[in-house]
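Data block below; observations after.
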Number of protein chains: 2
Amino acid sequence: MNKPIKPTESELEILAILWERGPSTVREIHEILERQKEAGYTTTLKLMQIMHEKGLVTRDASAKTHIYEAAVDRELTQRQLLNKMIDTVFKGSASQLVMQALGHHRSSPEELDMIRQYLNEMEKKQK
Amino acid sequence: MNKPIKPTESELEILAILWERGPSTVREIHEILERQKEAGYTTTLKLMQIMHEKGLVTRDASAKTHIYEAAVDRELTQRQLLNKMIDTVFKGSASQLVMQALGHHRSSPEELDMIRQYLNEMEKKQK
DNA sequence: CTGTTTGTACGAATATCTTCGTAAACGAAT
DNA sequence: ATTCGTTTACGAAGATATTCGTACAAACAG
């Protein structure tokens with residue numbers, strides 16, 4: 001079993017931005033981060049340096065302004081976080097999580113259709 | 001907006017047990033906890049005392065052996081954790097979370113049926 | 001070249017979480 | 001009453017996360 005990726009709250013916020021934008025400078029990340037929460041520039045910098053030490057991001061330091069990129073796979077991270085959550089908070093029942101998620105995060109009919117399709121495919125494959 | 005419930009990892013594990021068992025003593029919780037992870041008794045005790053300070057649990061201290069009970073609603077907590085996760089890690093798309101959850105946490109056909117039913121009901125109500 | 005801006009590095013203060021040792025209180029058994 | 005096992009209270013150490021000030025380097029403007 002691979003060691004689980006366990007980013008902290010703050011690290012996750014940065015990862016999310018990196019996943020969305022692709023390779024970015026500290027300043028770019030910082031500016032987006034600032035919209036969501038109060039933060040000093042060096043704070044963001046330090047966080048990203050730590051993430052680099054931990055291997056959560058890679059960086060290109062060839063130019064003066066370094067460019068950071070997510071080093072952990074988005075889907076893999078999502079999956080790990082979800083599984084942990086299912087285990088602890090939903091006593092192992094994924095469907096309970098699914099219903100809870102759908103119940104309170106108003107989804108469009110299109111999204112619901114997509115999920116329905118997905119369900120059908122899953123059932124086919126299971127045979 | 002109510003202040004979000006933000007239990008730590010360890011606190012969540014304890015809450016999960018309390019939700020499952022209902023009111024319990026420290027020893028009862030500790031014994032279950034021990035099956036999942038290494039932990040000293042006083043460690044569990046301290047955690048639950050802190051949770052009491054934070055208002056995550058209530059306790060009946062009338063007898064020598066105190067009895068603890070979850071003070072935060074299970075569904076509400078689940079919802080808040082999920083919403084946060086959807087926002088940060090799934091860029092706001094609940095359906096993406098749903099598919100990710102279903103895809104990797106093999107669910108039984110019964111569970112899938114339950115979800116399908118749930119989807120239908122949701123769509124009806126939305127009209 | 002000199003001063004200003006923009007960036008990284010580093011270290012330290014602070015906060016929060018986790019763990020556990022030790023002591024005191026209590027009840028039950030001898 | 002003394003002892004023994006169980007429980008709570010308290011405090012502190014260790015680990016991890018968060019925040020930011022300061023120093024130094026590079027690029028840039030004049």
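In the text below, chain A, chain B and the rest are named by the order of the sequence lines, each starting its count at 1. None of these values were measured; they are calculated from a predicted model.
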Short side-chain N/O contact to D:dT7 OP1/OP2 from B:Lys46, under 4.0 Å: no
5′-ward residue of the pair B:Lys54/A:Gln49 relative to DNA chain C: A:Gln49
Separation of atom CD in A:Glu9 from atom C1' in D:dT18, rounded to whole Å: 12 Å
Interatomic distance where CD1 belongs to A:Ile50 and C1' belongs to D:dC20 [whole Å]: 12 Å
Using a 4.5 Å cut-off on heavy atoms from C-beta on, say whether the side chain of [Y] contacts that of [X].
X: A:Met48; Y: A:Ile14; result: yes
X: A:Trp19; Y: A:Thr77; result: yes
X: B:Thr8; Y: B:Lys54; result: yes
X: A:Leu97; Y: A:Leu82; result: yes
X: A:Ser95; Y: B:Glu110; result: no

Sequence neighbours excluded, every pair satisfying side chain to side chain donor-acceptor pair (under 3.5 Å) that has a member inside residues 55-68 of chain B: B:Arg59-B:Tyr68, B:Asp60-B:Ser62
Identify the heavy atoms of [X] and [Y] that sit nearest to each other, and give their distance.
X: A:Ser93; Y: A:Ile86; value: N-CG2, 3.9 Å
X: B:Val72; Y: B:Gly55; value: CG1-O, 4.4 Å
X: A:Ser24; Y: A:Gly22; value: OG-O, 2.6 Å

Donor-acceptor contact present, side-chain B:Gln78 to main-chain A:Val89, <3.5 Å: yes
Nucleotide interval of DNA chain C bounded by contacts with chain A (heavy-atom cut-off, under 4.0 Å): C:dT6 to C:dG11
Distance (rounded to the nearest 0.5 Å) between A:Glu11 CD and A:Ile5 CD1: 11.5 Å
DNA chain C-proximal residues of residues 58-71 of chain A, any heavy atom under 4.0 Å: A:Arg59, A:Lys64, A:Thr65, A:His66
Of all pairs that satisfy salt bridge (charged side-chain N to carboxylate O under 4.0 Å, His left out), the ones with a partner from residues 19-28 of chain B, not counting sequence neighbours: A:Lys91-B:Glu20, B:Glu20-B:Arg74, B:Arg21-B:Glu28
Sugar-phosphate, base or nothing in reach of B:Ser10, heavy atoms under 4.0 Å: sugar-phosphate
Touch class at under 4.0 angstrom, heavy-atom based, for B:Thr42 against every strand present: base
Watson-Crick or G-U stems of DNA chain C, 3 or more pairs, under 3.5 Å, by first number: C:1-30 with D:1-30
Result of checking B:Thr42, B:Thr44, B:Thr25, B:Thr43 against B:His30 for side-chain hydrogen bond (donor to acceptor under 3.5 Å, both in side chains): B:Thr44
Neighbours of DNA chain D within residues 13-41 of chain B, by heavy-atom distance under 4.0 Å: B:Val26, B:Arg27, B:Tyr41
